[in-house]
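Keep in mind that this is a model prediction, so the values were computed, not measured. Below, chain A is the first sequence line, B the second, and so on; all start at residue 1.
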There are 2 protein chains.
Amino acid sequence: MTHPARRPMRCDAEANRARIIAVAREALSQDPDATLKPIAKLAGVGPGTVYRHFPTREDLLVTVYRSEVEALLDTAPLIARQDPRAALRHWLERLAAHGRTGSAASQAVRAATRADPENPYYTRIRLVLTELMAACRTAKQLRSDVTAGEVLLLMSYVWNLDGSSDPEHTACRVLDIVMDGLCPGTAPTHRVMSTQDSAMT
Amino acid sequence: MTHPARRPMRCDAEANRARIIAVAREALSQDPDATLKPIAKLAGVGPGTVYRHFPTREDLLVTVYRSEVEALLDTAPLIARQDPRAALRHWLERLAAHGRTGSAASQAVRAATRADPENPYYTRIRLVLTELMAACRTAKQLRSDVTAGEVLLLMSYVWNLDGSSDPEHTACRVLDIVMDGLCPGTAPTHRVMSTQDSAMT
DNA sequence: ACCTGAACACCGTTCAAGT
DNA sequence: ACCTGAACACCGTTCAAGT
């Protein structure tokens with residue numbers, strides 16, 4: 001997506017890049033804060049090579065967990081067939097579900113929800129959220145003045161659920177409050193937050 | 001507060017500690033992410049001495065910006081004389097005001113609002129917020145099921161206002177939503193968020 | 001064009017040796 | 001009891017030298 005039709009890399013470069021990604025996924029699954037140097041060594045390349053392909057750590061995260069972020073994006077149109085307010089809540093629950101894990105994948109999702117122009121996914125995340133919100137708005141189930149960027153800001157709490165006993169319960173309760181703030185005077189859609197329903201591709 | 005009646009330190013230790021704090025305040029005011037080693041050098045002590053007095057960076061932040069955090073705590077009873085809902089909002093605005101600065105002081109406030117048992121201020125922050133909320137509750141201006149810890153989670157957004165153009169405006173709008181979520185069916189208390197009214201000691 | 005890997009300028013942290 | 005400061009085990013990043 002970042003470089004859709006670049007002229008192909010030299011084949012050794014391509015192979016190195018693929019190997020770095022594979023090794024990084026493995027290493028990051030064990031330690032979400034794994035550093036670049038050991039990854040380079042495991043991939044059998046010099047640190048300069050990793051740095052060449054992925055100038056920053058976030059670039060690597062974005063690439064490795066591309067599919068996770070895109071799964072979140074793809075969920076939106078599927079969800080959107082239900083009641084608009086339930087759809088919005090459901091999608092925000094999917095987002096919140098990443099907060100509890102603390103995995104490297106969740107770091108990538110977190111980066112994609114921050115208002116960072118460097119991140120290629122932020123715009124798309126905001127777009128699908130905007131559409132979910134638009135549906136609510138036409139159904140008069142959403143306050144008219146709020147933007148997707150502001151909702152993403154409100155969701156910042158999901159990355160701070162550590163320290164809470166029963167993070168899942170807390171996430172759900174706080175989302176109740178967020179939804180009530182977003183849809184004043186609407187009957188509250190209640191928690192359905194399933195523990196593990198990641199298989200929604 | 002941490003050690004109110006410890007037996008006095010040796011006088012050179014006391015002097016070193018005071019000098020470290022003074023130097024750290026100065027260095028952190030210029031660079032919020034200033035590191036410990038240069039601070040040690042500027043204070044004329046070895047790095048081990050800094051580490052002895054402040055085992056972790058947060059310990060140093062807590063000590064240096066003690067007065068800022070306590071100013072926030074002291075604001076609560078003063079504010080509490082107004083309408084409960086306005087008081088709650090006003091205090092949350094004071095909290096949010098720290099989000100925009102990005103200063104080292106704001107890092108200390110941020111640490112004090114995270115559910116971290118190591119931080120001596122979190123309990124007190126939660127306490128004053130609980131009292132502000134209790135006043136709202138008896139006035140039927142707050143949903144009954146929400147806790148102070150959950151409200152602090154909701155306020156996580158204030159630390160992510162960078163990236164937003166006009167952070168002050170955004171902070172205010174998002175706080176509107178939070179307040180509406182907290183006080184459903186209540187007439188919205190509108191934004192008074194003053195730009196700089198830190199002189200409220 | 002791409003990779004290597006030593007080198008640079010850091011970081012926090014420790015701990016034997018001093019006073 | 002407290003401080004010193006060299007030493008340790010890292011970090012990300014760069015860049016001349018290779019292929």
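- Considering only heavy atoms from C-beta on, B/Leu28 comes within 4.5 Å of B/Leu61 through its side chain.
- Counting only Watson-Crick and G-U wobble pairs whose two key distances fall under 3.5 Å, DNA chain D forms stems of three or more stacked pairs at C:4-8 with D:12-16, C:12-16 with D:4-8.
- The closest side-chain heavy-atom distance from A/Gln107 to A/Asp33 is below 4.5 Å.
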Begin from the C-alpha positions of B/Ser156 and A/Ser156 and carry the test side chain to side chain donor-acceptor pair (under 3.5 Å) through to its verdict.
CA-CA 6 Å; B/Ser156 301; A/Ser156 301; over 6 Å; no

Might you list the N or O atoms of the protein lying below 3.5 Å from N or O atoms in nucleotides 14-19 of chain D, with each pair's distance?
unit_1, atom_1, unit_2, atom_2, d
D/dT14, OP2, A/Tyr51, OH, 3.2

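- Between the NE2 atom of B/His53 and the P atom of C/dT13 there is a distance of 16 Å, given to the nearest Å.
- In this structure, A/Arg114 places its CZ atom where only 12 or fewer heavy-atom neighbours from other residues, nucleotides or ligands lie under 6.0 Å away.
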For residues 18-25 of chain B, dump all side-chain donor-acceptor pairs below 3.5 Å to protein atoms at least two apart in sequence or in another chain.
unit_1, atom_1, unit_2, atom_2, d
B/Arg19, NH1, B/Ala43, O, 2.4
B/Arg19, NH2, B/Asn16, OD1, 2.6
B/Arg25, NH2, B/Val64, O, 2.5

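- Between A/Met133 and A/Thr147 the shortest side-chain heavy-atom distance does not fall below 4.5 Å.
- Heavy-atom distances to DNA chain C give each of B/Lys37 and A/Arg52 a nearest nucleotide, and the one nearer the 5′ end belongs to A/Arg52.
- For D/dC3, the OP1/OP2 oxygens have a side-chain nitrogen or oxygen of B/Asn16 closer than 4.0 Å.
- Counting to the nearest Å, the P atom of D/dG12 and the CG atom of A/Asp33 are 11 Å from each other.
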